[in-house]
Amino acid sequence: MDLTQLYEQQVRDFELARINYEHLKNVVYRTVHFPDFNIRLQYNPARMISTNAKIDATTLLNRKCFLCPEQMPKEQKGIAYGDRYHIFINPYPIFDKHFTVPASDHTPQLICGRFEDLLSLTFDFPEYTTFYNGPSCGASAPDHFHFQMVPRHRMPLEEDIDKVSLREYILQKEHYSLSTLNRYRRNILLLQGTDRQLLSRLYTRIQKIVGEEIPYEEEPMMNLLAWFEKNQWTICIFPRKTRRPWQFYAEGKEQVLFSPGCVDMAGLIIAPRREDFDRYSEELLTDLFRQVCAEKEDWDRILQRLKE
């Protein structure tokens with residue numbers, strides 16, 4: 001069974017998925033224009049569960065893990081991917097074909113030892129962008145390791161990386177390059193190359209540098225997106241300093257339910273509330289991203305160490 005067959009079977013037989021994928025056809029979009037790029041907004045009330053998810057230790061301890069197969073709805077079926085993962089349809093989708101790839105074992109959301117699995121998924125499914133939300137960077141199940149896969153070219157980032165006005169190279173070598181996007185309102189590293197083992201070593205080095213410059217708990221805070229195109233991998237790395245801005249915890253009119261994961265960092269903001277969807281502006285989004293991304297001083301040190 002391929003992913004298209006899995007999707008078709010699940011939207012036919014899995015009622016929760018069928019209802020939410022039907023609702024997805026009615027979500028509303030609008031665009032916020034920045035000088036060098038655009039950010040898209042998606043009003044999607046069904047994503048309130050993910051956006052507002054509590055991931056404190058007590059909550060995780062007292063709830064059943066929804067990524068463990070024995071606790072999934074009986075209608076939810078998946079396909080094996082190697083011996084370490086299964087692929088399931090995401091019943092709370094952002095995109096028309098949205099898949100979750102949880103580990104076969106109940107193990108924490110930590111990328112160590114799994115980066116090459118990310119590369120393998122992108123190589124085996126080049127029509128999809130694969131992403132990883134760190135345990136404190138948008139993952140609603142930080143107690144169970146998982147990737148997600150969505151169709152290519154649905155997030156602005158995937159086109160923004162080719163804009164000459166934004167792209168600045170940090171390193172350009174024979175088998176890889178490392179670059180960033182200037183004036184992007186989000187700190188981002190773009191690692192591109194053709195050698196799987198080399199990319200894995202480079203990513204380990206980048207993660208170590210980020211972790212030494214920005215305090216962390218479980219692992220250095222980062223969102224990762226990756227795809228395979230024209231015989232090379234592209235890995236997009238968003239270093240983070242915190243999970244949510246102060247507005248998330250505010251009350252009344254000051255509250256904005258902004259809890260960014262990979263998709264939001266890649267330029268598609270998911271708004272489960274209409275008031276937030278209507279309120280987002282260039283100024284507000286700039287402030288929200290500034291709060292969750294690395295401080296300028298930390299970011300400058302990271303870039304300098306990477307250049308060296």
Side-chain angles (χ1 to χ4, degrees), residues 11 17 19-53 90-99 128-129 131 133 137-138 140 148-167 181-188 223 225 227 236 238 240 242-293:
V11 296
I19 291 172
N20 284 333
Y21 277 88
E22 280 296 318
H23 287 169
L24 191 64
K25 297 176 182 178
N26 299 317
V27 297
V28 180
Y29 291 89
R30 75 178 181 91
T31 300
V32 178
H33 300 282
F34 287 73
D36 299 291
F37 60 90
N38 294 323
I39 284 181
R40 295 195 74 202
L41 310 176
Q42 181 193 94
Y43 171 48
N44 187 342
R47 292 295 297 183
M48 179 63 80
I49 293 176
S50 178
T51 299
N52 211 29
N90 190 324
Y92 298 99
I94 297 171
F95 304 93
D96 54 357
K97 290 184 177 67
H98 187 164
F99 298 95
Y128 288 85
T129 295
F131 61 86
N133 286 318
C137 300
S140 54
Q148 295 184 64
M149 297 169 57
V150 299
R152 285 295 321 278
H153 304 294
R154 302 297 178 84
M155 293 171 277
L157 170 67
E158 296 174 79
E159 278 62 56
D160 290 342
I161 69 166
D162 294 322
K163 293 180 177 178
V164 176
S165 63
L166 293 172
R167 194 84 171 263
L181 299 180
N182 290 321
R183 302 178 303 281
Y184 203 53
R185 308 303 201 273
R186 292 146 281 168
N187 300 328
I188 181 173
N223 297 104
L225 298 96
W227 57 84
C236 307
F238 290 97
R240 299 271 297 273
T242 191
R243 184 183 182 210
R244 292 162 169 166
W246 69 263
Q247 288 92 334
F248 183 92
Y249 306 99
E251 297 180 356
K253 293 182 178 180
E254 288 191 322
Q255 186 182 58
V256 181
L257 291 187
F258 183 75
S259 184
C262 280
V263 174
D264 309 271
M265 299 300 287
L268 178 62
I269 307 297
I270 309 304
R273 301 195 312 176
R274 184 73 196 215
E275 55 266 43
D276 297 332
F277 176 80
D278 293 335
R279 183 179 177 185
Y280 283 128
S281 64
E282 178 184 349
E283 181 181 17
L284 178 58
L285 288 169
T286 296
D287 176 56
L288 296 173
F289 280 127
R290 177 190 56 78
Q291 292 183 60
V292 301
C293 290

Exercise. With no hydrogens and no angle check, is any side-chain donor or acceptor of Asn20 less than 3.5 Å from a backbone partner on Pro91?
Worked result: yes

Seminar exercise, completed: Looking only at heavy atoms, the pair that brings Asp162 and Glu158 closest together is OD2-O, 4.2 Å

Exercise. Any side-chain heavy atom of Leu157 sitting closer than 4.5 Å to one from Phe238?
Worked result: yes

For this session: Grab the two heavy atoms, one from Ile188 and one from Cys236, that are nearest each other, plus how far apart they are.
Result: CD1-CB, 4.2 Å

For this session: Find the distance between CZ (Phe34) and CG (Leu285) and round it off to the nearest 0.5 Å.
Result: 5.0 Å

Exercise. Could you state the interatomic distance from OH (Tyr280) to CD1 (Ile269), rounded to the nearest 0.5 Å?
Worked result: 6.5 Å

Exercise. What distance separates Arg40 CZ from Arg154 CZ, expressed to the nearest 0.5 Å?
Worked result: 10.0 Å

Exercise. How long is the span from the OH atom in Tyr43 to the CD atom in Glu275, to the nearest 0.5 Å?
Worked result: 8.0 Å

Exercise. How far does CZ of Arg183 sit from OG of Ser165, to the nearest 0.5 angstrom?
Worked result: 6.0 Å

For this session: Indicate the atoms forming the closest heavy-atom contact of Arg185 with Cys293, along with that distance.
Result: O-SG, 4.5 Å

For this session: Taking the side chain as every heavy atom from C-beta outward, state whether Leu225 and Met155 have any atom pair closer than 4.5 Å.
Result: yes

Exercise. Judged by atom type as modelled, is there a donor-acceptor pair below 3.5 Å linking the side chain of Gln42 to the main-chain atoms of Leu268?
Worked result: no

Exercise. Side-chain contact, heavy-atom cut-off 4.5 Å: Phe248 with Val256?
Worked result: no

For this session: For the pair Asp276 and Arg279, find out whether any cationic side-chain nitrogen is under 4.0 Å from an anionic carboxylate oxygen.
Result: no

Problem set entry | Side chains of Arg240 and Pro260 in contact at under 4.5 Å (non-hydrogen atoms) | yes

Exercise. Is the NZ or CZ atom of Arg274 both under 6.0 Å from the centre of the six-membered ring of Phe277 and within 45° of that ring's axis?
Worked result: no

For this session: Please report the shortest heavy-atom distance between His98 and Tyr21, naming the atom on each side.
Result: O-OH, 3.1 Å

Exercise. For the residue pair Gly261 and Asp264, what are the closest heavy atoms and their distance?
Worked result: N-OD2, 3.0 Å

For this session: Apply the test side chain to side chain contact (heavy atoms under 4.5 Å, CB included) to residues Arg186 and Ile39: give CA-CA distance (whole Å), side-chain angles for both, the deciding distance (0.1 Å), then the verdict.
Result: CA-CA 12 Å; Arg186 292 146 281 168; Ile39 284 181; 4.0 Å; yes

Seminar exercise, completed: d(Trp227 CH2, His153 NE2) to nearest 0.5 Å is 8.5 Å

For this session: Given side chain to side chain contact (heavy atoms under 4.5 Å, CB included), test Leu181 with Phe37 step by step and report yes or no.
Result: CA-CA 11 Å; Leu181 299 180; Phe37 60 90; over 6 Å; no

Problem set entry | Minimum heavy-atom distance Asn133-Cys262, with the two atoms named | OD1-N, 2.7 Å

For this session: Determine yes or no for a side-chain-to-main-chain donor-acceptor pair under 3.5 angstrom, with Asn44 supplying the side chain and Pro93 the backbone.
Result: yes

Exercise. Hey, does Lys97 have a side-chain heavy atom less than 4.5 Å from the side chain of Phe95?
Worked result: no

Exercise. Do Glu283 and Thr286 pass the side chain to side chain contact (heavy atoms under 4.5 Å, CB included) test, and can you show the C-alpha distance, the side-chain angles, and the key distance before you say yes or no?
Worked result: CA-CA 5 Å; Glu283 181 181 17; Thr286 296; 5.9 Å; no

For this session: Output, in order, the C-alpha distance, side-chain angles, deciding distance and verdict of side chain to side chain contact (heavy atoms under 4.5 Å, CB included) for Asp36 and Lys163.
Result: CA-CA 9 Å; Asp36 299 291; Lys163 293 180 177 178; over 6 Å; no

Problem set entry | Check: Pro151 and Asp96 side chains under 4.5 Å, non-hydrogen atoms | yes

